[in-house]
**Student:** 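This is the structure, below, for whatever I ask next.
This structure is a prediction, so every number in the text was calculated from the model and none was measured.
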Amino acid sequence: MSTATLTIDLNAITANWSALSSMGRAEAGAVVKADAYGLGAARVSRALAKAGARTFFVAVAEEGATLRESLGPGPVIYVMSGHMAGDADMLGDMGLTPILNSLEQMIRHIEALPGHEFGLQLDTGMNRLGMEPTEWAAVRDIALAQNPRLIISHLASADVRDSDMNRQQLARFREMTAGLDCPLSLANTGGIVLDRAFHFDVTRPGIGLYGGLPFEDAQPVVSLDIPVIQCRDVAAGEVVGYGGAWTAERPSRIATIGAGYADGLFRALGGQQTAVWAEDVRCPFAGRVSMDMIGIDVTDAPGDPKTVSLLGRHQGVDALAECAGTISYEILTALGARYARRYLGG
Ligand SMILES: *Cc1c(COP(=O)(O)O)cnc(C)c1O
């Protein structure tokens with residue numbers, strides 16, 4: 001095997017969904033945008049549907065259309081970017097439910113697809129998508145007369161437990177939806193673990209399904225095992241890789257492994273803060289990340305490893321993200337197309 005193997009544990013994903021779902025009385029949906037955070041929306045969504053998920057969220061209509069083909073009729077598929085110009089046929093033919101973000105989108109939707117179900121997004125302070133309080137006040141009666149299926153808003157700081165922003169957004173969401181007889185949704189993963197007050201009727205977990213923080217009890221979902229292409233001895237004082245950025249401080253054994261920044265292993269991971277594991281031995285990166293390769297200091301490994309583990313029981317997605325100064329979301333969605341993908345369970 002010359003490519004690295006990415007193993008995706010579908011049973012861990014469904015277990016995470018069930019755990020998040022049982023934290024409150026709300027119906028747990030599943031956010032599967034960006035190909036289920038890079039893990040394969042078709043496989044992931046089918047496993048989740050089998051486990052009982054009935055409500056899915058994607059970012060754009062094209063993702064929704066692909067998802068509908070793999071899920072078949074039945075589950076609700078919400079499109080969070082709403083009804084964009086040119087989307088009417090796809091939304092209509094594939095039975096997708098756009099979450100309308102503005103008066104402009106609402107007019108477009110009602111004109112192009114009268115009677116076709118939709119949701120609404122309200123802006124409660126993030127200033128990304130959704131209707132502002134004044135816009136909402138103006139269109140509220142017209143919108144409600146058309147029976148929206150769901151009204152959502154999104155938290156900007158749900159991963160920061162004691163952020164004031166959470167309480168402010170909760171209060172504003174309550175104000176803007178007071179007295180409405182329509183299902184409501186505010187919580188992403190962070191919102192679910194914050195407090196039940198954020199759950200409302202439907203929750204929208206994404207990263208927690210895939211094993212990421214802030215769902216601390218998440219079961220790990222991905223492992224990444226990378227083959228060793230070649231090993232060599234280097235003398236103290238010799239350098240390794242582009243720019244000679246790593247210098248051996250002792251006689252060392254260097255393994256060159258077969259994955260690089262073209263596989264989503266960011267160049268920012270380069271340096272000894274990042275490591276792989278050979279069995280249970282931590283082996284730090286030696287030098288820069290190349291496009292298809294990384295040098296690893298395996299001097300302390302018991303022998304030349306055949307493969308090393310970058311993601312797995314020794315290092316999860318959040319730990320690796322920290323090595324690159326980023327978040328697990330970016331690590332997952334960058335996972336490359338070149339990996340051999342192996343699914344467990346589902
Ligand atoms: C991506 C997204 C989610 C899922 O967020 P996680 O933090 O991954 O749980 C929920 N709602 C909206 C509107 C999103 O854009």
**Student:** Keeping to residues at least two apart or across chains, list the side-chain hydrogen bond (donor to acceptor under 3.5 Å, both in side chains) pairs with something in residues 223-246.
**Tutor:** Gln230-Arg232, Asp233-Arg253
**Student:** Working to the nearest 0.5 Å, report the span between CG of Leu180 and CZ of Arg174.
**Tutor:** 14.0 Å
**Student:** Measure from the side-chain N and O atoms of Gln105 to the backbone N and O of Ser81, and report whether any donor-acceptor pair falls under 3.5 Å.
**Tutor:** yes
**Student:** Hey, are the side chains of Tyr210 and Ile13 touching, using non-hydrogen atoms and a 4.5 Å cut-off?
**Tutor:** yes
**Student:** Indicate yes or no: at least one non-hydrogen side-chain atom of Thr55 is less than 4.5 angstrom from one of Ile77.
**Tutor:** no
**Student:** For Thr203 and Glu27, test the side chains for any donor-to-acceptor distance below 3.5 angstrom and give the result as yes or no.
**Tutor:** no
**Student:** Is the backbone N or O of Ala248 less than 3.5 Å from a side-chain atom of Ser252, with the two atoms forming a donor-acceptor pair by type?
**Tutor:** no
**Student:** How long is the straight-line distance from CG of Leu194 back to CZ of Arg167, given to the nearest 0.5 Å?
**Tutor:** 7.0 Å
**Student:** From Ile257 CD1 over to Ile294 CD1, what is the distance, rounded to the nearest 0.5 angstrom?
**Tutor:** 4.5 Å
**Student:** CZ of Arg342: more than 12 outside heavy atoms within 6.0 angstrom?
**Tutor:** no
**Student:** How would you list, by chain and number, every residue that makes a side chain to side chain donor-acceptor pair (under 3.5 Å) with Asp300, sequence neighbours excluded?
**Tutor:** Arg250
**Student:** For the residue pair Val308 and Pro305, establish whether any side-chain heavy-atom pair is separated by less than 4.5 Å.
**Tutor:** yes
**Student:** Scan the side chains in residues 131-146 for donor-acceptor partners under 3.5 Å anywhere in the protein, sequence neighbours excluded, and list what turns up.
**Tutor:**
{"residue": "Glu135", "atom": "OE2", "partner": "Leu103", "partner atom": "N", "Å": "3.0"}
{"residue": "Trp136", "atom": "NE1", "partner": "Met176", "partner atom": "O", "Å": "2.8"}
{"residue": "Arg140", "atom": "NH1", "partner": "Met176", "partner atom": "O", "Å": "3.2"}
{"residue": "Arg140", "atom": "NH2", "partner": "Ala178", "partner atom": "O", "Å": "3.4"}

**Student:** Do Phe173 and Phe200 pass the ring pair (Phe, Tyr, Trp, His ring centres under 6.0 Å) test, and can you show the C-alpha distance, the side-chain angles, and the key distance before you say yes or no?
**Tutor:** CA-CA 11 Å; Phe173 191 56; Phe200 293 93; 5.1 Å; yes
**Student:** Please name the pair of heavy atoms, one in Ser328 and one in Ile207, separated by the smallest distance, quoted to 0.1 Å.
**Tutor:** OG-CD1, 3.4 Å
**Student:** Would you mind reporting whether Ile8 and Leu344 have side-chain heavy atoms less than 4.5 Å apart?
**Tutor:** no
**Student:** Please check: side-chain N/O of Asp93 versus main-chain N/O of Met90, any donor-acceptor pairing under 3.5 Å?
**Tutor:** no
**Student:** Step by step, would you call Glu69 with Met94 a side chain to side chain contact (heavy atoms under 4.5 Å, CB included)?
**Tutor:** CA-CA 8 Å; Glu69 280 171 357; Met94 304 308 279; 3.8 Å; yes
**Student:** Supply the atom-to-atom distance Thr3 OG1 to Arg341 CZ, rounded to the nearest 0.5 angstrom.
**Tutor:** 11.0 Å
**Student:** Please check if Phe57 and Leu122 belong to a single hydrophobic cluster, counting links between Ile, Leu, Val, Met, Phe, Trp and Tyr side chain heavy atoms closer than 4.5 Å.
**Tutor:** no
**Student:** With Ala59, which residues qualify under side chain to side chain contact (heavy atoms under 4.5 Å, CB included), at least two apart?
**Tutor:** Lys33, Glu63
**Student:** Phe56 and Phe118: same hydrophobic cluster, using ILVMFWY side-chain contacts below 4.5 Å?
**Tutor:** no
**Student:** Assign the ring pair His109 / His116 to parallel, tilted or perpendicular, where the plane angle (0 to 90°) is split at 30° and 60°.
**Tutor:** perpendicular
**Student:** Under the rule for side chain to side chain contact (heavy atoms under 4.5 Å, CB included), what residues qualify as partners of Met165, not counting sequence neighbours?
**Tutor:** Ala156, Ser157, Ser163, Gln169
**Student:** Do side-chain atoms of Asp35 reach the backbone of Ala41 as a donor and acceptor pair under 3.5 angstrom?
**Tutor:** yes
**Student:** Hey, could you give me the CD1/CG distance between Ile192 and Leu186, rounded to the nearest 0.5 Å?
**Tutor:** 10.5 Å
**Student:** Would you say Leu96 and Val76 make side-chain contact, with heavy atoms under 4.5 Å?
**Tutor:** no
**Student:** Ignoring hydrogens and angles, tell me if any N or O in the side chain of Asn11 forms a donor-acceptor pair with the backbone of Gly346 under 3.5 Å.
**Tutor:** yes
**Student:** Suppose we screen for side chain to side chain contact (heavy atoms under 4.5 Å, CB included). Which residues come up paired with Gln219, at least two apart in sequence or across chains?
**Tutor:** Ala12, Ala15, Asn16
**Student:** Can you tell me how far apart CZ (Arg68) and CG (Leu71) are? Round to the nearest 0.5 Å.
**Tutor:** 7.0 Å
**Student:** For Leu20 and Leu209: C-alpha separation, side-chain torsions, deciding distance, then whether side chain to side chain contact (heavy atoms under 4.5 Å, CB included) applies.
**Tutor:** CA-CA 8 Å; Leu20 288 165; Leu209 305 177; 4.1 Å; yes
**Student:** Under a 3.5 Å distance rule, please check whether Thr326 uses its side chain to pair with a backbone N or O of Glu322 as donor and acceptor.
**Tutor:** no
**Student:** Assess whether a salt bridge exists between Arg25 and Asp201, defined as any Lys/Arg side-chain N lying under 4.0 Å from an Asp/Glu carboxylate O.
**Tutor:** no
**Student:** Would one find more than 12 heavy atoms of other residues, nucleotides or ligands at under 6.0 Å from atom CD of Glu279?
**Tutor:** no
**Student:** Got a sec, which residues hit salt bridge (Lys or Arg N to Asp or Glu O under 4.0 Å) with Arg149, two or more places apart in sequence or on another chain?
**Tutor:** Glu117
**Student:** In chain order, what residues pass the side chain to side chain donor-acceptor pair (under 3.5 Å) check against Ser185, with sequence neighbours excluded?
**Tutor:** Arg204
**Student:** Could you list the residues that satisfy salt bridge (Lys or Arg N to Asp or Glu O under 4.0 Å) with Asp280, not counting sequence neighbours?
**Tutor:** Arg313
**Student:** Would Leu224 and Phe266 show up in the same hydrophobic cluster when neighbours are defined by side-chain heavy atoms closer than 4.5 Å?
**Tutor:** yes
**Student:** Would you find a donor on one side and an acceptor on the other, under 3.5 Å apart, between the side chain of Ser45 and the backbone of Ala42?
**Tutor:** no
**Student:** With sequence neighbours excluded, what pairs up with Trp277 under the ring pair (Phe, Tyr, Trp, His ring centres under 6.0 Å) test?
**Tutor:** His314
**Student:** Looking at residues at least two apart in the chain, or sitting in another chain, which of them share a side chain to side chain contact (heavy atoms under 4.5 Å, CB included) with Asp195?
**Tutor:** Ala197, Phe198
**Student:** Side-chain heavy atoms nearer than 4.5 Å, only ILVMFWY residues, links allowed to pass through others: does that put Val60 and Val58 together?
**Tutor:** no
**Student:** What I'd like to find out is whether the side chain of Val317 reaches to under 4.5 Å of the side chain of Leu320, using heavy atoms alone.
**Tutor:** no
**Student:** Please check this pair: side chain of Asp123 against backbone of Asn127, looking for a donor-acceptor N/O pair closer than 3.5 Å.
**Tutor:** yes
**Student:** Main chain of Leu10, side chain of Arg43: is a donor-acceptor contact present, judged purely on distance under 3.5 Å?
**Tutor:** no
**Student:** How about CE on Met126, more than 12 heavy atoms from neighbouring residues, nucleotides or ligands closer than 6.0 Å, or not?
**Tutor:** yes
**Student:** Using side chain to side chain donor-acceptor pair (under 3.5 Å) as the criterion, list what pairs up with Ser290, not counting sequence neighbours.
**Tutor:** none
**Student:** Would you call Ile254 and Ile296 a side-chain contact if the rule is heavy atoms closer than 4.5 Å?
**Tutor:** no
**Student:** Heavy atoms, side chains only, cut-off 4.5 Å: are Val44 and Leu48 in contact?
**Tutor:** yes
**Student:** I need the minimum non-hydrogen distance between Gly29 and Val202, along with the two atoms involved.
**Tutor:** N-CG1, 4.4 Å
**Student:** Applying the side chain to side chain contact (heavy atoms under 4.5 Å, CB included) test to Tyr339, which of Ile226, Asp263, Thr7 qualifies?
**Tutor:** Asp263
**Student:** Grouping I, L, V, M, F, W and Y whenever their side-chain heavy atoms are under 4.5 Å apart, do Leu91 and Met84 come out in a common cluster?
**Tutor:** no
**Student:** Quick one: does any side-chain atom of Thr189 pair with a main-chain N or O of Gly208 as donor and acceptor, under 3.5 Å?
**Tutor:** yes
